[in-house]
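One structure is given here, and the rest of the page talks about it.
Keep in mind that this is a model prediction, so the values were computed, not measured. Reminder, nothing fancy here: chain letters follow the sequence lines and each chain counts from 1.
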Amino acid sequence: MGSGLAQSILSVRDLDVAWGGRQALSVDGLELGAGELLGVIGPNGAGKTTLLRALAGLIRPQRGQITLDGADVQRLGPRQVARLVGYLPQVRSLNEDLTVAELVARGLLPMEAMSAAESRRAVREALELCGIAELRDRRLSQMSGGEGQKAWIAFAIVRRPKVLLLDEPTSHLDYRHQMEVLKLVCRLCSEGVAAVVALHDLWLATRYCHRLLVLDRGRPVAVGPAESVLDTELLRGVFGVEAVAASLPSGGRAWLPAAPSGPTTVEGGDGRERLRERGARR
Amino acid sequence: MSTTSALRAARGTWPYAALAALFAVAFLLELCLGAVSLSPARVWEGITGEDALARQLVLDLRLPRAVLAVLTGASLAAAAAALQGATGNPLADPHLMGVSGGALMVGAVMAVAGLDPPVLAAMPLAGVGALAGAAVPVVLAGVGTVSGAGVALIGVGLSYLWSVLVLAVLTSAGFLAAPSLAFLGGSLAGRGWSDAWALAVYLGLAVVALALLVKPLDALALGDEVARSLGFSPTLARAAAVAAAALLVGPSTWAVGTVPLLGLACAQAARRLWGHGHAALTPAAAVLGAILMLAADAVARSLLPGTELPLGTVTALVGLPVLVSVTWGAAWRRAY
C-alpha cells in the first residue's frame, strides 16, 4: 500500500485496535506521504473514527505500530503526539463562548513556552491560511456551521502539525461549505501537511482525495485512487447500494444511487402519502 | 484595523486600572467604616500612631479583618473559576454547589465535639469537608448524564442539605448562639491575624496549583476529546482543579463561614471583562473577590448601628443579578 510519494510521514503496521470490548479495527499496513490527502470512506460503524483516534494516539492499540514522522507513537508523550498531529473529532463541545482568535490560540496549548508575539503570529498565519482572518474577533456562537468549521481547522493547524486528522469535517454543511472545507484541506496538503479525512460523500471523496481507504467492519477492503477503488461491486458489497457511474463533463466519474428518476411516492402508515428518497442507506 | 487594535489595547488596560482603583477604595472603606467611623486622615493618623484610639481601631481590629477579607474573597472567587473550568458549568460556585457546606460541616462537628485544633491544622480538615461537598456535583458533571443546569440545581439541593445538617448538629448540642448563626451567612467577626496567616499559607499553595492548571483548564473547555488530543488528561485536570478548589474553600470557610454567590459573581464578571483564558481569568476573579468581600464587610458592619449583618446580605444582592445574567445568556451553550 505504498503512497508513491518519497517522504513517508505516517505509517501503520499490523494494527489491531479494540474498542468497547470488541475488535474494532485491523489494518495490516498503510503509508501516508507528506502533502497527501487520504479519504477514509465506509458505512457507519466501519471503524473510520476508531482509525483516526488511534492515529491521534487517543486509543492504545492492542498490537502493531504507528509511526509519525519517524517516531513510534506509543513511545511519545501525549503532548509530543499533539505537536505532530492536529485532530478534529466530529462531535465537539465548547464550554466557553470563545472568539475565533481565542479558539485558534488554544491550539498552541501543547507547545512549550512561546512568547506572546510568537503565538499571535502563529494565530494570524493560521487564520490567513484558512481564509478567515477577518473573522478573528467573532464569537463562535455567532458563526455559521461552515465558518465555524474553518475556525476549528485553523485551531487544528495553528501548531503546524505534520498530520491532520479530520472526522467527517463536512457533515451538516451546505454544499458550498463542504467544498470550501475540502479545498482548504487541499491547500494545507499543498503546504506539506498529510491529511486523513473521514467522509461520507463519495463525490467529494472522489473529487478531492488523492487516495481512498475503504473500510468495512473494521478492515480495509480497498485502497488507492478513487477511479481504481470505486466500482459497482464495492458499492454494493460495502455500502449496500446499487450505484451507477455518471460521466462528468470534466472527464471524471460520479457515483450515484441507481434510482428511477424522480422521488418515489410511498404510502405512509397513517394513510397519507409521503415522499421518500429512493435508494438504500448511506 | 489600527482602530480595533487600539480599542483592544485600551480594553486590555482599563479594567486593570479600574480593578486597582476599586481595590484601593474598598480597602480604605473597610478601614474607615464601622461602629466608629474614621476619616481617611484619621486612619492615616492611626497607622502612624498619632491617634491612640484610631491606632487601636485600625491596626488591631480593622486591618487584620481587611486582610482576611482580601484572602477569603480571593480564595472563594478563584475557587469558583477553577470549579467552573473543571465542570464546564458557568453556574459552578463553592456555595451554590455545596462545597462550602461540606467545609462548614467539619467546623460545626468540631465545635460541637469541643475540638479546638490550631487554625493551621483545622483549615485543611475543613478542606477535606469541602472535597466531600464537591464530590457529588463534580462526579455528576463528569458522568455527563445530567445537564449543566441540572448539576447546578442538584448542587443547590446539596447546599441546602448541608446547611440543614449543620443546623441540626448545632441545635442538637445547644449551639444556636448568635455567632454560629452569623457564620451561616458569612461573618468576619472575631477573626484576627492568626487566621489571616494560616489562610495565606493555603492560598499560596493553591496559587501554585492554579498556575499549573492554566493550560489544562483552557484545554478542558474545548471538550474532553479535544483536550485529550492536545495532550491533556481531562480526568487529571478535573481532579487537580477540584483539589485546588477544596484547598481554597476549606480554609476560607473556616475563617468566614459560607458566603453566598460571591464566587459565582466574581468569576463570571471576570469572564466578561478578561475573557475565558485562565491565565487572566483566575487572578482577575480573585481580585474582584477581594474587592467584593471588603465592600460586603464594610457595608455589613456599618449599615445598622450596633449590628453586624451577615456578609451574604451584600454578596447575595450582588451575586443574584449576575446569576440571572449568566442564565439569561445561556443560549450560547449549544454544542459545537
As a quick check of understanding, evaluate side chain to side chain contact (heavy atoms under 4.5 Å, CB included) for A:Leu58 and B:Ser229, giving each step before the final call. CA-CA 7 Å; A:Leu58 299 179; B:Ser229 82; 4.2 Å; yes
Residue from B:Ala219, B:Ala221, B:Gly223 scoring the most non-hydrogen pairs under 4.5 Å with chain A is B:Ala221
So which heavy atom on B:Gly275 is nearest to which on A:Glu102, and how close? CA-OE2, 4.3 Å
Which atoms form the tightest heavy-atom contact between B:Gly231 and A:Ala82, and what is the distance? N-CB, 4.0 Å
To the nearest 0.5 Å, how far apart are CD in B:Glu225 and CG in A:Leu88? 10.5 Å
Calculate, to the nearest 0.5 Å, the distance between atoms CG and CG belonging to A:Asn95 and B:Leu220 respectively. 7.0 Å
Chain B contacts: which residues in residues 108-134 of chain A have a non-hydrogen atom closer than 4.5 Å to it? A:Leu109, A:Pro110, A:Met111
Positions in residues 162-186 of chain A that reach chain B, provided some heavy atom is under 4.5 Å away: none
Heavy-atom distance under 4.5 Å to chain B: side chain of A:Arg83, backbone, both or neither? neither
Let me see the working for B:Leu230 and A:Tyr87 under side chain to side chain contact (heavy atoms under 4.5 Å, CB included), right down to the final yes or no. CA-CA 9 Å; B:Leu230 292 173; A:Tyr87 167 64; over 6 Å; no
CZ (A:Arg217) with more than 12 external heavy atoms under 6.0 Å: no
Decide yes or no on side chain to side chain contact (heavy atoms under 4.5 Å, CB included) for B:Arg271 and A:Glu96, but give the supporting numbers first. CA-CA 9 Å; B:Arg271 280 181 196 278; A:Glu96 297 162 355; 3.2 Å; yes
Just do the side chain to side chain contact (heavy atoms under 4.5 Å, CB included) check on A:Leu98 and B:Leu222 with the steps written out, would you? CA-CA 10 Å; A:Leu98 302 178; B:Leu222 308 174; 3.9 Å; yes
Side-chain donor or acceptor of A:Arg106 paired with backbone N/O of B:Asp218 under 3.5 Å: yes
